[in-house]
Amino acid sequence: MTREELCAAAQAMLPMAYAPYSHFPVGAALECEDGTVYTGCNIENAAYGPSNCAERTAVFKAVSEGRRRFKRIAVAADTDQFCPPCGVCRQVLQEFAPELEVLLVNRRGEIRSLTLPELLPYSFGSANLT
Ligand code: THU
């Protein structure tokens with residue numbers, strides 16, 4: 001899959017977002033090492049705290065179906081600015097894919113490529129527990 005296709009899969013999730021409080025839809029598409037793609041959207045809640053970001057929706061879908069090795073994630077927002085993953089999502093992504101490539105795509109279809117080590121330097125992970 002090309003990075004444009006992965007970004008398109010993330011953008012296709014924007015209409016699925018349940019974001020009645022922020023009105024800020026986010027879509028994600030997570031590519032596994034075996035080529036499988038899991039998508040996600042943000043899912044908000046009236047109590048705010050239980051809300052889930054698009055990235056974590058995609059990761060939790062994948063892990064719950066037995067995938068734990070990931071290559072890339074694309075994150076789409078319907079804004080001119082890119083939407084970088086929040087701190088909680090960065091930590092969740094670190095658990096499974098410390099070297100992950102993170103593609104950000106805005107509403108104009110522009111793509112920015114980053115790595116998780118750039119987004120979460122000197123991170124805490126399973127190795128710190130040994
Ligand atoms: N959100 C995501 O889904 N992913 C991000 O990377 C940043 C923020 C969601 C959370 C909330 O539903 C809305 O965007 C506004 O913060």
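One-based numbering, in listed order, for ligands and for the atoms of each. Excluded from the calculations below are hydrogen atoms, water molecules and symmetry mates; all remaining heavy atoms, backbone and side chain alike, are included.
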Heavy-atom closest contact (Ala62 atom, Leu30 atom, distance):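 Ala62 and Leu30 have their closest heavy atoms at CB-CD2, 4.0 Å.
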Once rounded to the nearest 0.5 Å, what's the spacing between atom CZ of Arg72 and atom OG of Ser113?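 Those atoms lie 9.0 Å apart.
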Rounded at 0.5 Å granularity, tell me how far CD in Glu101 sits from CZ in Phe70.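 Going from the CD atom of Glu101 to the CZ atom of Phe70 covers 15.5 Å.
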May I ask whether Leu116 and Phe96 are part of the same hydrophobic cluster, defined by side-chain heavy atoms of I, L, V, M, F, W, Y residues being less than 4.5 angstrom apart, directly or through others?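 Yes, Leu116 connects to Phe96 through the hydrophobic network.
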Give the residues near ligand 1 by chain and number, with the criterion being a heavy-atom distance under 4.0 Å.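 Around ligand 1, where the cutoff is 4.0 Å for heavy atoms, the contacting residues are Ser22, Phe24, Val26, Asn42, Glu44, Cys53, Ala54, Glu55, Cys83, Pro84, Pro85, Cys86.
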Side chain to side chain contact (heavy atoms under 4.5 Å, CB included), paired with Glu44, selected from Pro50, Pro20, Cys53: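 Of the listed residues Pro50, Pro20, Cys53, the side chain to side chain contact (heavy atoms under 4.5 Å, CB included) partner of Glu44 is Pro20.
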Within a radius of less than 6.0 Å around CZ of Arg68, do more than 12 heavy atoms belonging to other residues, nucleotides or ligands occur?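 Result for CZ/Arg68: open.
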